[in-house]
Number of protein chains: 2
Amino acid sequence: MASVQPKRTVEELKDLRSFTADADGAQRVAFTPTWAESRKWLRSKLEALPLEIHQDEAANLWATMEGESDRALLIGGHMDSVPNGGWLDGCLNTLAGVEILRRLTDEYGGRPPVTVRLVDWADEEGARFGKSLFGSSAASGFLDMDEARGLVDRDGIALPDAVREYGVDFERVLESGKEFTNAAAYLELHIEQGPVLLDLDLPLGVVLGTFGVERHAMAFSGQAAHSGSTPMDRRRDAFLAAGKMSQEIYRITDRNGGVCTIGSCVTKPGIVTSVVEECQITLDQRHLDGAALAQMLKEAKEASERFAEEGNVGVAWNRLWQIDPVLFDPGLIDLCDAAIRETCGVSHRLPSGPLHDAAEVARAGVPTVMMFLQSLHGISHNKIEDSKEEHIELSVAAMDRLASKTMDWISKR
Amino acid sequence: MASVQPKRTVEELKDLRSFTADADGAQRVAFTPTWAESRKWLRSKLEALPLEIHQDEAANLWATMEGESDRALLIGGHMDSVPNGGWLDGCLNTLAGVEILRRLTDEYGGRPPVTVRLVDWADEEGARFGKSLFGSSAASGFLDMDEARGLVDRDGIALPDAVREYGVDFERVLESGKEFTNAAAYLELHIEQGPVLLDLDLPLGVVLGTFGVERHAMAFSGQAAHSGSTPMDRRRDAFLAAGKMSQEIYRITDRNGGVCTIGSCVTKPGIVTSVVEECQITLDQRHLDGAALAQMLKEAKEASERFAEEGNVGVAWNRLWQIDPVLFDPGLIDLCDAAIRETCGVSHRLPSGPLHDAAEVARAGVPTVMMFLQSLHGISHNKIEDSKEEHIELSVAAMDRLASKTMDWISKR
């Protein structure tokens, strides 16, 4: 019986690294020559199989194995990386997908019961233009065209001009949405970008969805005053109010779950001899449950107003970004859970903090699930990103099982 | 009987403002042409009186009225201001001193029972070179010559070169210490640079001494981690520990008195999507009692270590600056208190948060006291610095009473 060869995937990942990474890590930034080279290399592997291959209007690369049914199983990843990135982020699943296509070629002579399509999304990371999920959000229809049209890289080159060099007419990118016609399920394997599986000592987990995000700036405004001559009870200390938020976010997650982060604090005038007049902090809140996320935001706002009042300072909020939670398909979650258990003996369900292309596919209405591979340091977007080779091999085998289960699932629906 | 004319002092302060201030405030920065002009104007007023006038080795201007006794009462102020400064800071007492010398000329025909000397200190503010109390610390002997020699202004001009243009041989500035020979008491009137007298609705107060200062930078070091994928209980959040200090400094002053200020907070990487890896804050602690100041510092260090341990982060301290408290003379404090009560009916004793030339004189061993004038906005180093004219007039009258009492006090010792 035909089967995947996970060791080959590990070898191919190492090959890819050999010509697309340097001492600082992977350098496959989308819409740059190294990225194009990595895609050419991927395409050469796909061309050895019985596949129709094309790039869509948003620079996503599609390889299609026609099946007995038009209804299609999609498997997706991304060859692009951040600068100084990890060797597994994104490309793990494009290469696992190639391996699954090889197995299907062997098993069904290139004509499986349902159509199977591998997609290499364009610019998942958004490293050059600061806008992630470019290709998948174009296909899902959620790309903000006006915003994307105005993006420039640090050399001042506009996104529409940059993508034109890679065969893309920017004004037509939303036409890539037609690729979802007949899409019946979407699967994505990705290295976990946190330490949850590492802490549990588990190789693989099934992802329940991606967190909704509320991202805000909060500015507390008090009064600058001399550090030596201003009595404590006369102070309007913006840092006192902001500092209280540092502990409050942990109380908010204790009550609601999810995660909260204050990533930046800026003080003005910011000198040793003055009470802080203005203190601006950022707040990033994430939860898989929309109602819980709204509650977290409400609690943070109430706390900030309470702290402002206690310290006789003002507070003003400014939303930087927001996205709703995206929940993956319950049926596919169960299949993924089963595939992992059959491969490793034990599985675990967890949400994804970071966004992924899978979220865009799910938002487009395609039943979706993701599988996470344990990250050795619980870290990504860094050259030290790594996983045990035995775990990488297990992930390829589990994805192959999941692909088979999903093909059955599609056939029966 | 001869008496001071406080209204004349107010008029002279307005005259001074008319040619040394602009729309942004006073511009009498030491060792600049506007400062030199203000001194020339002061000197012309002194030259109308029976005084010996000279500039010492540290650019301090001395005007001496020889008395029956060599033992000298010193009255000191400073003509220099910060850029965009207030109209009373420093020059109030040089002009009050001129008025007192006029009264003594009338009363004693220019030969009072003890010698009386007015000193206009050079560069109290340190605005050009970032080093305050230049002239008075040279005279007291506490000026750090190596540090001062290396100071440059923002145009790259070294302090020794700048002062040479104003007749100073930098290597000889400590010789100004000889001016303290025979000094028996030092009096300084200054606008309060805080809101204490304003809050009490009192025109004048007697100053007990200047706060000792402990000034430190504290760096908390944790681990950068993705805001979406890092569980709350896995975080090593440097801002969490630093934020706790914002409240702790108020608990420290509740227990010990004094004042504590966190004036600056800098976060790294300082982006909305990452837990803070490094957070540096500054701490400025001040107290009139040296033991209490040491206790405040001890408590801050212990708290920072406790917060670091709670959050699994590190903390490192770096002392930026330190000075011991300077206590004024108990006898002169009583005299000042009496002079204020006789002038206004009510007095108040308070410490000084900011440093003053008086602290250097006291460190040199000369019995010293200061009088504070209420500041209308509780603010200084700003063009809005102001006092009620009736309060300014009271301050001149009270200083004149204090001068008389102090001359008696010197005669009896």
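Labels below follow one simple rule: chain letters A, B, ... track the order of the sequence lines, proteins then strands, and each chain is numbered from 1.
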Requested in this report: Could you look at A:I281 and say if it's the side chain, the backbone, both or neither that has a heavy atom under 4.5 Å from chain B?
Outcome: side chain
Query raised in the report: CZ of B:R154: more than 12 outside heavy atoms within 6.0 angstrom?
Result: no
Report task. Could you have a look at B:A217, B:P354, B:G353, B:P231 and say which one has the most heavy-atom pairs with chain A under 4.5 angstrom? Result -> B:P354
**Report entry** Residue among B:V259, B:V213, B:T230 with most heavy-atom pairs under 4.5 Å to chain A
**Finding:** B:V259
Requested in this report: Evaluate whether atom CD of B:E309 has more than 12 neighbouring non-hydrogen atoms of other residues, nucleotides or ligands under 6.0 angstrom away.
Outcome: no
Requested in this report: Flag the one option from A:Q285, A:H216, A:R286 with the top tally of heavy-atom pairs under 4.5 Å to chain B.
Outcome: A:R286
**Report entry** Which of B:A225, B:S227, B:S352 touches chain A most, by non-hydrogen pairs under 4.5 Å
**Finding:** B:S227
Can you list, pair by pair, the side-chain donor-acceptor contacts under 3.5 Å of residues 192-204 of chain B, counting residues two or more places apart and other chains?
{"residue": "B:E192", "atom": "OE1", "partner": "B:L197", "partner atom": "N", "Å": "3.0"}
{"residue": "B:E192", "atom": "OE2", "partner": "B:V196", "partner atom": "N", "Å": "2.8"}
{"residue": "B:Q193", "atom": "NE2", "partner": "B:D89", "partner atom": "OD2", "Å": "3.4"}
{"residue": "B:Q193", "atom": "NE2", "partner": "B:S380", "partner atom": "OG", "Å": "3.0"}
{"residue": "B:Q193", "atom": "NE2", "partner": "B:H381", "partner atom": "NE2", "Å": "3.4"}
{"residue": "B:D199", "atom": "OD1", "partner": "A:R234", "partner atom": "NH1", "Å": "2.1"}
{"residue": "B:D199", "atom": "OD2", "partner": "A:R234", "partner atom": "NH1", "Å": "2.7"}

Report task. Could you have a look at A:L355, A:T253, A:D233 and say which one has the most heavy-atom pairs with chain B under 4.5 angstrom? Result -> A:T253
**Report entry** Proximal to chain A - members of residues 235-251 of chain B, heavy-atom separation under 4.5 Å
**Finding:** B:R235, B:D237, B:F239, B:L240, B:A242, B:G243, B:K244, B:S246, B:Q247, B:I249, B:Y250
Report task. State which residues pass salt bridge (charged side-chain N to carboxylate O under 4.0 Å, His left out) with A:E299; sequence neighbours excluded, sorted by chain then number. Result -> A:R255
Side-chain donor-acceptor pairs under 3.5 Å in residues 264-279 of chain A, sequence neighbours left out?
{"residue": "A:T267", "atom": "OG1", "partner": "B:C265", "partner atom": "N", "Å": "3.0"}
{"residue": "A:T267", "atom": "OG1", "partner": "B:C265", "partner atom": "O", "Å": "3.4"}
{"residue": "A:E277", "atom": "OE1", "partner": "A:A224", "partner atom": "N", "Å": "2.6"}

